[in-house]
Protein chains: 2
Amino acid sequence: MSNRRDAVHEILRQSEGFRSAQDVYAEMRAEGAKIGLTTVYRALQALADSGHVDTLRTDDGESVYRACASGDHHHHLVCRRCGRTVEVAGPAVERWAEAVGSEHGFTGITHTVEVFGTCASCSSAAAKPAGVPSRA
Amino acid sequence: MSNRRDAVHEILRQSEGFRSAQDVYAEMRAEGAKIGLTTVYRALQALADSGHVDTLRTDDGESVYRACASGDHHHHLVCRRCGRTVEVAGPAVERWAEAVGSEHGFTGITHTVEVFGTCASCSSAAAKPAGVPSRA
DNA sequence: ACGGTTTTGACAACCGTTTTCATTTGCACG
DNA sequence: CGTGCAAATGAAAACGGTTGTCAAAACCGT
Ligand SMILES: [Zn+2]
Ligand SMILES: [Zn+2]
Ligand SMILES: [Zn+2]
Ligand SMILES: [Zn+2]
């Protein structure tokens, strides 16, 4: 439908990790795109609602978004340094969550699972000189 | 050390689920306690830093806190209706997170895991008349 | 071209949280 | 008891991400 929406989606597709709304907005403006911050927020929300992008909250309360390859339910292993993210499936976790829920009489179980760490290139860069910039 | 800090801690101890800073502040004022919102925020942060309370972010970005019985690492199964929370251990999840991390060359693995659902009393109350208030 | 609908975006309002900073409190020492 | 000093407190202002407002702009079928 919306041209803007696709533009935002495209930015996410070209990104390696999760991006914030302001982040995406800044990049689009830098590229000369004529778009408003409000529209970026709306696009991201729409994409998230329609399940086209995954979203999560950073520790400091910022919402970040990512266009994931898999449309199926999955989780994320994200580098806390550079943001690089890999999608991971966790059948074991899915079962565990379901089990622990019903075990206590809870229904309609959902869960949030995120794994953080320092990726190989970042941890090797850390030991030596200054590393590559951040965000991919 | 601080008298205020303990007072805040106490409120959390008496609570069944996670509470927000403003939430705690409101209750303390209602009880006639003379305390400022700033201090509540500081107390909660200190308690969280020292590991005396667990904290997590709600979907709408609010930080909430809870005084948990177990000092060991654990996760939470929280009723999305009334907020009632039960602490759950998940050795399987711990292992899985660690495995999936190192599998991809990540180090210093940490993780966030929360399980949500509707508790037994809430789901039975939902089917019939109007339910009990919220928060405990 | 034309009315009606949808989308857009500059700007202001929101709201939880953090900072600031002047005041109060707690405590050791004389 | 004073006095001095450092930590704690809290009212109010600043912050920052997000959402709401509303008038202008882009679309679209006719
Ligand atoms: Zn994903
Ligand atoms: Zn899952
Ligand atoms: Zn806990
Ligand atoms: Zn764990």
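Proteins come first, then strands; the chains are lettered A, B, ... in the order of their sequence lines, and each starts at number 1. Hydrogens, waters and symmetry mates play no part in the numbers below; they use all other heavy atoms, side chains included.
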TODO: Mark yes or no for a side-chain to base donor-acceptor pair under 3.5 Å between A:Thr38 and C:dA10, with no hydrogen or angle criteria applied.
DONE: yes
- [ ] Let me know the distance between CD of B:Gln45 and C1' of D:dT9, rounded to the nearest Å.
- [x] 15 Å
Task: d(CG, B:Leu37; P, D:dA11) in whole Å - done: 9 Å
Task: ring-ring contact (aromatic ring centres under 6.0 Å, His included) contacts touching residues 76-95 of chain B (sequence neighbours left out) - done: B:Phe18-B:His76, B:His74-B:His76
Open item on the list: On a heavy-atom basis, which atom in A:Met28 and which in A:Val8 lie closest, and how many Å separate them?
Closed with: SD-CG2, 3.9 Å
Task: Single-linkage hydrophobic cluster A:Leu56~A:Val40, side-chain heavy atoms < 4.5 angstrom - done: no
- [ ] Examine the base of C:dG16 for any acceptor or donor lying under 3.5 Å from a partner atom in the side chain of B:Arg57, and report the outcome as yes or no.
- [x] no
Task: Check against salt bridge (Lys or Arg N to Asp or Glu O under 4.0 Å), B:Glu16 and B:Arg66 - done: CA-CA 8 Å; B:Glu16 185 70 28; B:Arg66 179 169 194 267; 5.0 Å; no
- [ ] Whole angstrom is fine here: how far is it from CD in B:Glu62 over to P in C:dC15?
- [x] 12 Å
TODO: For B:Asn3 and D:dA8, give me the distance from atom CG to atom P, rounded to whole Å.
DONE: 13 Å
Task: Length of the OH-P vector between A:Tyr41 and D:dG20, whole Å - done: 13 Å
TODO: Give a yes/no on whether any side-chain N or O of A:Arg5 is located under 4.0 angstrom from OP1 or OP2 of C:dT8.
DONE: no
Open item on the list: Distance check needed: C:dT7 P versus A:Leu47 CG, whole Å only.
Closed with: 14 Å
Task: A:Gln22 CD to C:dG9 C1', straight-line distance once rounded to whole Å - done: 15 Å
Open item on the list: Check the phosphate of C:dG9 against A:Thr39, side-chain N and O only, distance under 4.0 Å to OP1 or OP2. Yes or no?
Closed with: yes
Open item on the list: Looking only at the side chains, is there a donor atom on one of A:Glu114 and B:His111 sitting less than 3.5 Å from an acceptor on the other?
Closed with: no
TODO: State whether the distance check finds a donor on one side and an acceptor on the other, under 3.5 Å, for side chain A:Arg42 versus base C:dG9.
DONE: yes
- [ ] Could you work out which one of C:dT17, D:dG10, D:dT18 sits closest to the side chain of B:Ala21?
- [x] C:dT17
TODO: Give the rounded distance in Å between these two atoms: OH of A:Tyr25 and C1' of D:dT18.
DONE: 14 Å
Open item on the list: Pair B:Arg13, B:Glu10 - check salt bridge (Lys or Arg N to Asp or Glu O under 4.0 Å), show working.
Closed with: CA-CA 5 Å; B:Arg13 281 216 193 77; B:Glu10 188 51 31; 3.2 Å; yes
Task: Nucleic acid contacts - residues 27-36 of chain B versus DNA chain D, non-hydrogen atoms under 4.0 Å - done: B:Lys34, B:Ile35, B:Gly36
Task: B:Glu27/B:Arg19 ion pair, N-O < 4.0 Å - done: yes
